[in-house]
Amino acid sequence: MGDLLSDFATWLKELLVWLGQKIFELVLDAAASVIEAIPVPAFVNQAGNSLGQIGADVGYWIGPFELDYALTVILSAYTLRFIIRRLPIVG
């Protein structure tokens with residue numbers, strides 16, 4: 001009888017852990033869908049176009065500093081900060 005009860009408790013524990021992971025996965029998938037549905041702001045596209053119009057002498061120095069990557073990271077960080085600040089518990 002003890003083995004049967006122990007096996008049932010183990011099965012129940014594994015079921016609850018799996019269920020929690022599945023619910024967490026569904027919540028994250030829903031959050032990703034919501035974030036992907038947000039359109040890209042116009043100023044992001046304009047910033048990329050503005051970098052293409054910079055002269056060759058300035059562009060020579062932008063290359064080693066990877067300014068395009070830096071601007072992408074900075075804009076992403078500000079967007080993430082904006083989203084996090086809107087969460088009632090975290091922000």
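From a predicted model like this one, the values you see are computed outputs, not experimental measurements. Reckoned from all heavy atoms, side chains included, excluding hydrogens, waters and symmetry mates.
- L80 CG to L75 CG: the interatomic distance, rounded to the nearest 0.5 Å, is 12.5 Å.
- The line from OG1 of T10 to CG of L5 is 9.5 Å long, rounded to the nearest 0.5 Å.
- For the atom pair I84 CD1 and T79 OG1, the distance stands at 11.0 Å (nearest 0.5 Å).
- Following chains of ILVMFWY side-chain contacts shorter than 4.5 Å, one cannot reach V34 starting from V27, and the two form parts of different hydrophobic clusters.
- L16 and F8 end up in the same hydrophobic cluster when Ile, Leu, Val, Met, Phe, Trp and Tyr side chains are linked at under 4.5 Å.
- Taking the ring pair (Phe, Tyr, Trp, His ring centres under 6.0 Å) definition, one finds that Y78 meets it with nothing, sequence neighbours left out.
- I74 and F65 are assigned to two separate hydrophobic clusters, defined by single-linkage of ILVMFWY side chains at heavy-atom distances under 4.5 Å.
- Under the 4.5 Å side-chain heavy-atom criterion for Ile, Leu, Val, Met, Phe, Trp and Tyr, F82 and I35 are members of distinct hydrophobic clusters.
- Pairs of residues two or more places apart, or lying in two chains, that qualify as salt bridge (charged side-chain N to carboxylate O under 4.0 Å, His left out) and include a residue from residues 11-22 are K22-E25.
- Here the CG atom belonging to D7 is positioned 12.5 Å from the CG atom belonging to L12, to the nearest 0.5 angstrom.
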